[in-house]
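Throughout, numbering of the chain's residues begins at 1 and tracks the sequence. As a basis for the values below, the full set of heavy atoms in this structure was taken, side chains included, without hydrogen atoms, waters or symmetry mates.
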Amino acid sequence: MSRLAADRPGFPAGRDIVVPLFRLQWSTRAVFEGLVARYGPRRLHVVAPPVVAEQLRRAADAEGWETPALVAHDEDVFFIGRFGLSKAELTAVLDLEKSLYPGGWFYQQLLKLGADDGIEGLSDAFLIWDSDLLPVDAWPAVHEDGRLAYAFLQDRARGNAAIVAKWEAWIRGVLGVDPAVDEQGTFVPHHMWFVREHLVTLRRRLAEYFGDHETPWPVLMMRSANEFGTFSEFWIYASWAQARHADDAPRPYPYREYGATTERFFEDGSAPFATAARRFLAVGPDASFRPTYGDLMRFVEAEYARRSLPLPSSLSFEASERHRLKGRANMHVEELRSPWHTAAD
């Protein structure tokens with residue numbers, strides 16, 4: 001195992017991590033093993049389509065993944081027990097003639113905001129983590145004073161201004177608070193602590209906005225997407241917690257501490273990073289490639305030392321084809337700094 005895994009950053013005892021997973025990727029094993037090795041959660045809850053959830057259980061068992069805390073949940077019926085609502089019924093509420101994001105993207109945000117409604121016995125505070133974010137030289141998930149912690153991982157200097165404006169309008173309109181801002185980082189950190197008490201008051205405010213305390217909050221969230229065109233789950237939560245629960249809201253690390261080295265790039269298992277990792281690990285091009293966290297860290301440590309680059313705090317593997325086709329003009333700072341990014345121009 002990499003030396004990095006032995007130096008585990010702080011993580012509050014008895015707390016869980018929740019990861020929505022759309023499909024099993026080449027990097028899934030490494031990410032999940034990394035979360036267990038680096039943070040040691042009580043449970044690692046993964047919410048996925050039923051076929052993917054079963055694939056995950058079988059792969060983890062057959063391949064001996066180092067994820068003893070892993071529990072897989074079926075996303076199609078995630079809200080059935082609490083509200084009697086399936087994924088199909090909730091995505092059917094959407095009425096967007098044209099959107100950059102599909103219905104499943106909005107539903108995945110509901111899984112994050114409502115993890116405590118779908119997972120019995122979930123800890124009172126839980127860390128949401130995107131399934132393509134690999135912790136490398138990662139941050140402690142709790143500050144020295146005990147406050148829950150997350151890291152700014154995206155520079156606000158570049159991004160889709162039109163989408164950001166819609167997210168801001170949602171926060172001001174629905175929550176009635178100013179959007180949380182930072183001088184350098186954005187509130188799209190690919191991970192976030194959610195506190196159950198904060199979510200209860202946020203959902204109450206959502207009901208007040210619509211003047212409807214009977215309709216389940218996931219339906220109201222989808223209605224809000226129809227009204228504003230989109231929403232941003234992490235920014236919503238961070239803004240609400242900062243405005244209404246300032247005394248115990250999760251507190252971020254400045255971008256300069258961990259965002260300054262994080263990288264984001266397209267990698268579906270066949271792009272430059274995975275190709276180089278295969279060579280380093282002596283895995284043939286036709287062989288199945290699902291590296292362990294330890295194997296991937298050995299590659300990262302060796303490769304970044306060879307290039308005289310600092311270890312990244314994290315690596316975000318984008319698998320959507322639209323990221324492969326991006327031109328440099330549309331890339332984020334974290335993509336432009338990475339030696340692994342690809343560009344269409």
Asker: What's the spacing between Leu56 CG and His73 NE2 if we round to 0.5 Å?
Answerer: 10.5 Å
Asker: Which word best sums up how the rings of Phe273 and Phe265 line up, parallel for under 30°, tilted for 30 to 60°, or perpendicular for over 60°?
Answerer: tilted
Asker: Flag the pair Lys112 and Asp130 as a salt bridge only when some basic side-chain nitrogen lies within less than 4.0 angstrom of an acidic carboxylate oxygen.
Answerer: yes
Asker: Before accepting this row, confirm whether a basic side-chain N of the pair Arg203/Asp117 lies closer than 4.0 Å to the acidic partner's carboxylate O.
Answerer: yes
Asker: Can you list, pair by pair, the side-chain donor-acceptor contacts under 3.5 Å of residues 219-228, counting residues two or more places apart and other chains?
Answerer:
{"unit_1": "Ser224", "atom_1": "OG", "unit_2": "Trp170", "atom_2": "NE1", "d": "2.7"}
{"unit_1": "Ser224", "atom_1": "OG", "unit_2": "Met221", "atom_2": "O", "d": "2.5"}
{"unit_1": "Asn226", "atom_1": "OD1", "unit_2": "Asp95", "atom_2": "N", "d": "2.6"}
{"unit_1": "Asn226", "atom_1": "ND2", "unit_2": "Val93", "atom_2": "O", "d": "3.0"}
{"unit_1": "Glu227", "atom_1": "OE1", "unit_2": "Tyr209", "atom_2": "OH", "d": "3.3"}
{"unit_1": "Glu227", "atom_1": "OE2", "unit_2": "Tyr209", "atom_2": "OH", "d": "2.4"}

Asker: Under the 3.5 angstrom rule, does the side chain of Arg38 hit a backbone N or O of Pro140 as a donor-acceptor pair?
Answerer: no
Asker: When you compare the side chains of Thr28 and Gln25, does any donor N or O come within less than 3.5 Å of an acceptor on the partner?
Answerer: no
Asker: Can you tell me if CD on Glu197 sees more than 12 non-hydrogen neighbours from other groups inside 6.0 Å?
Answerer: no
Asker: Which of parallel (below 30°), tilted (30 to 60°) and perpendicular (above 60°) describes His143 and Tyr253?
Answerer: tilted
Asker: Please identify which of these residues, Ser313, Ser338, Ser316, meets the side chain to side chain contact (heavy atoms under 4.5 Å, CB included) condition with Thr262.
Answerer: Ser313
Asker: I'd like to know whether CZ of Arg58 has more than 12 heavy-atom contacts from other residues, nucleotides or ligands below 6.0 angstrom.
Answerer: no
Asker: If you measure from the Lys or Arg side-chain nitrogens to the Asp or Glu carboxylate oxygens, is any gap between Glu63 and Arg290 under 4.0 Å?
Answerer: yes
Asker: State, to 0.1 Å, how close Glu89 and Ser86 come at their nearest heavy-atom pair, and which atoms those are.
Answerer: OE1-N, 2.8 Å
Asker: From His332 NE2 over to Leu336 CG, what is the distance, rounded to the nearest 0.5 angstrom?
Answerer: 10.0 Å
Asker: Scan side-chain atoms only and decide if Gln154 and Arg264 contain a donor-acceptor pair under the 3.5 Å cut-off.
Answerer: yes
Asker: Name the one of Phe231, Trp193, Phe187, Phe194 that satisfies ring-ring contact (aromatic ring centres under 6.0 Å, His included) with Tyr237?
Answerer: Phe194
Asker: Decide whether a cation-pi geometry holds between Arg307 and Trp340; the criteria are a distance under 6.0 Å from NZ or CZ to the six-membered ring centre and an angle within 45° of the ring axis.
Answerer: yes
Asker: Are the side chains of Val47 and Val19 in contact, using a 4.5 Å heavy-atom criterion?
Answerer: no
Asker: Would you call the rings of Phe152 and Tyr150 parallel, tilted or perpendicular, where under 30° means parallel and over 60° means perpendicular?
Answerer: perpendicular
Asker: Does a side-chain N-to-carboxylate-O contact under 4.0 Å join Arg172 and Asp178?
Answerer: yes
Asker: Can you sort out the partners of Trp26 under ring pair (Phe, Tyr, Trp, His ring centres under 6.0 Å), two or more places apart, ordered by chain and number?
Answerer: Phe289, Phe317
Asker: Just by distance, with hydrogens left out, do Trp139 and His191 show a side-chain donor and acceptor under 3.5 Å apart?
Answerer: yes
Asker: State, to 0.1 Å, how close Leu133 and Pro135 come at their nearest heavy-atom pair, and which atoms those are.
Answerer: O-CD, 3.5 Å
Asker: Minimum heavy-atom separation for Pro41 and Ala69, please, with both atom names.
Answerer: O-CB, 4.1 Å
Asker: Taking atom types as modelled, find out whether Asp132 and His190 have a side-chain donor-acceptor pair closer than 3.5 angstrom.
Answerer: no
Asker: Please report the closest heavy-atom contact between Val136 and Leu315, naming both atoms and the distance.
Answerer: CG2-CG, 4.1 Å
Asker: Should the pair Asp16-Arg42 be classified as a salt bridge under the 4.0 Å nitrogen-to-oxygen rule?
Answerer: yes
Asker: Please name the pair of heavy atoms, one in Ala241 and one in His198, separated by the smallest distance, quoted to 0.1 Å.
Answerer: CB-ND1, 3.9 Å
Asker: Answer yes if the ring centres of Tyr293 and Phe32 are under 6.0 angstrom apart, and no otherwise.
Answerer: no
Asker: Can we say Arg196 and Asp124 salt-bridge, meaning some charged N sits less than 4.0 Å from an Asp/Glu carboxylate O?
Answerer: no
Asker: Give me the atom names and distance for the closest heavy-atom approach of His213 to Arg204.
Answerer: CE1-O, 4.3 Å
Asker: Quick one, Leu122 with His45, criterion side chain to side chain contact (heavy atoms under 4.5 Å, CB included). Give me CA distance, side-chain angles, the key distance, then yes/no.
Answerer: CA-CA 9 Å; Leu122 189 65; His45 294 282; 3.6 Å; yes
Asker: Would you say Thr201 and Trp240 are linked by a side-chain donor-acceptor pair, where the criterion is simply a distance under 3.5 Å?
Answerer: yes
